[in-house]
Amino acid sequence: MSIDQLWQERAKEFWSVSRRYITLMANSGLMVAIGGIVLIIGIYYNSFLDWLPSTFPVVQVLAVLFAFMLTKTSVRTFFQTGDLVYLLPMEAKMNRYLQSALRYSWFLQSIVLALVLFLLGPLYTDRIGEFNQLLITFLILIAAKGWNVYAYWSELRYQYVSQQWKLRWLRFAVNLVFVFFVLMLEWWFVLAVGVLMILLFFGYYRPLHEKYRLKWDQLISLEEERLNSFYTFANAFVDVPHIKARVRRRSILSNQWNRLVTKRSNTYVFLYGKTFARSGDYFGIMIRLAIVGALLIYATPEDLQGLAVVIAILFTYITGSQLVTIYHHHKTMVWPELYPVPEQVRQQSVQSLVRNVMVIQSIWFTLITFITSWSLFYTMIALFMMLLMVIAYVKVQLPKWFKQSLHALS
Amino acid sequence: MTQLLHVQSVSGGYNPNKPVIKQVEFGVERGEIVGLIGLNGAGKSTTIKHILGLLEPTDGAITLNGKTISDDLDTYRQTMSFIPETPILYDELTLWEHLRLTAMAYDLTDWEERAESLLKMYRMAKMKNWFPSNFSKGMRQKVMIMCAFLVKPELYVVDEPFLGLDPVGIQSLLDQMIEMKNSGAGILMSTHILSTAEKYCDRFVLLHHGTVYLKGTLAELRTQANMPNAGLDEIYVEMTKEDD
């Protein structure tokens, strides 16, 4: 296979894997989620436009949004760890490969831009300009995206991430000014900034490719991160076996478990506590559920207070059922099998972690219920029901779940 | 007194019809280092997995202080620690937290001072709060070694510990193995570095195609192989020549 075909091969391979995941996701809730979001947007859009005060700085907000979207760019290189050995000698012949990567990234990110612009279309025609101008804006943004993809790709030639960030902020500034003029319909200024961008393209960004070589290590780890974020997203709907979440230190949270006494019964309290705090999957999901649940409770109409209680219980339950998979988090490790700690102690530690997190979530939702309704009655009902559910989940369902998963493993 | 580790004619592997190891029989006494020697695929790792209790023998039994793993699971595990060939670390824990977790699991008291001195010995004190993702292969191996020695068990099971270690690490490891041996611990070490094995091991078990080919002290091996004056490496090469 020639190097030029290699990129196509890899893209195809990636899409055949993704297609399978997307099908699985579609079958297990993604479609419902998307449908729900579209429905909510559809219902609220018009009233949102009516409600939005005429003094609201639409242009400024959209300028920041689009400048951000333009600046935040990625390039799918499909590089793999092994490429350090196999592709490194080919670096000089990689032009076509990389061009494909750039074109592909430009295309995909343009689709995202188009979707956002489509969503914001009604707002645009309501406050900014006519439909024709929206179309022109769309074409200009696509072109600007192309410029950004190339500029970003050039920035990656710098060895130090701090240098790259400096350039990224500059690029954001250029984008912001550019988009602002586009939205203000000041076409002459747009042209002026556009010329400046073209000059930067030829005068600054292109020479970088001559001057510096590819930073393979960085590109490979960027690619891994990107793949990971896709799988992490997919993992919210289906079980992705090989995803490895990024570990963050999160000192304030994770230090809480430093106070434990160093003794055998705390072994798994410590291990799972630190895992909960630092691994991307668990704490992040808890926070996201807390926010989404709170928003839904907040948005519940006053005459449907009962619904708010149901939402609170449901989201606390989901929090628990997502967190309990932490039990399998270290299953590829040999150590838990070798520790002289009874399996029962391990299960108890998972149970108490799940219980504590669920109780915290319950208290949070109780607070939100109280703030939105100011009804002590519903608040107390919500709290009581949630705690009842937590007890039932932890005491009844979890032991069954442990039994099942041990059975499934052996 | 019963033998510390006794592997009694153990057969086993991943498929009952195709055992990887056959009728393997050897022991480790208190206060000795036993070298487990064999080519790639000879069955060293499988033997070690059986000793660790990760695999169950189809035939035979393994006893620690006269007791099998089913007699008393937690005591069996408390009695030994393991240094794996490929370091296995928790991504979510810092170096110090690995040591602390070990101290918890093995219910160690007064472990902090020893942990600090281990960190100094392996020149890892500065990396105390680092995550494993920032460690090189050698550093990861050192974490495994420190955790094992922190436990101070009766039996050490060490699988090819030298790869990737720097000279300071190798020397500290060997010094510590001798110290532990002198204080009465037994060590089973699998390795390919025969010059080191010859120098430091008291006895050897030579595995070949899943069976014990030769075993004993170097002198005994020489008589068995009928090669007086030969070094361990010569015996090893001679032994594996057979099927070429």
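All values reported here derive from a predicted model rather than from experimental measurement. A note on names: the letters A, B, ... follow the listed sequences, proteins ahead of strands, and every chain is numbered from 1.
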### Task
For A:Trp335 and B:Ile88, indicate whether the former's side chain and the latter's backbone hold a donor-acceptor pair under 3.5 Å.
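At least one qualifying donor-acceptor pair exists.
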
#### Entry: B:Asp107 (side chain) donor-acceptor with A:Arg264 (main chain) under 3.5 angstrom
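Yes.
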
### Query
Checking A:Val345 against chain B: side chain, backbone, both or neither under 4.5 Å from a heavy atom?
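Interface part for A:Val345: neither.
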
Taking every non-hydrogen atom, the tightest pair across [X] and [Y]:
| X | Y | value |
| --- | --- | --- |
| A:Leu338 | B:Tyr106 | O-OH, 3.8 Å |
| A:Asn266 | B:Met104 | O-SD, 3.7 Å |
| B:Ala105 | A:Pro340 | O-CG, 3.5 Å |
| B:Leu93 | A:Lys274 | CD2-CB, 3.5 Å |

For [X], does the [atom1] atom have more than 12 heavy-atom neighbours from other residues, nucleotides or ligands under 6.0 Å away?
| X | atom1 | value |
| --- | --- | --- |
| B:Lys152 | NZ | no |
| B:Asn134 | CG | yes |
| B:Glu56 | CD | no |
| A:Lys395 | NZ | no |
| A:Arg250 | CZ | yes |
| A:Trp153 | CH2 | yes |

To the nearest 0.5 Å, what is the distance between [atom1] on [X] and [atom2] on [Y]?
| X | Y | atom1 | atom2 | result |
| --- | --- | --- | --- | --- |
| A:Glu337 | B:Leu52 | CD | CG | 10.0 Å |
| A:His329 | B:Glu92 | NE2 | CD | 3.5 Å |
| A:Tyr339 | B:Arg77 | OH | CZ | 12.0 Å |
| B:Leu99 | A:Thr262 | CG | OG1 | 11.5 Å |

Below 4.5 Å, heavy atoms only, C-beta onward: do [X] and [Y] meet side chain to side chain?
| X | Y | answer |
| --- | --- | --- |
| A:Met333 | B:Leu89 | no |
| A:Val247 | B:Ser133 | no |
| B:Tyr90 | A:His330 | yes |

### Task
Count the heavy-atom pairs under 4.5 Å between each of A:Leu271, A:Val261, A:Leu260 and chain B, then report the option with the highest count.
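Answer, by heavy-atom pair count under 4.5 Å with chain B: A:Leu271.
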
Checking heavy atoms, do the side chain of [X], its backbone, both or neither come under 4.5 Å from chain A?
| X | value |
| --- | --- |
| B:Leu73 | neither |
| B:Trp130 | backbone |
| B:Thr79 | neither |

### Task
Answer yes when B:Glu97 and A:Arg278 have at least one side-chain N-carboxylate O distance shorter than 4.0 Å, and no when they do not.
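The answer is yes: the pair qualifies as a salt bridge.
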
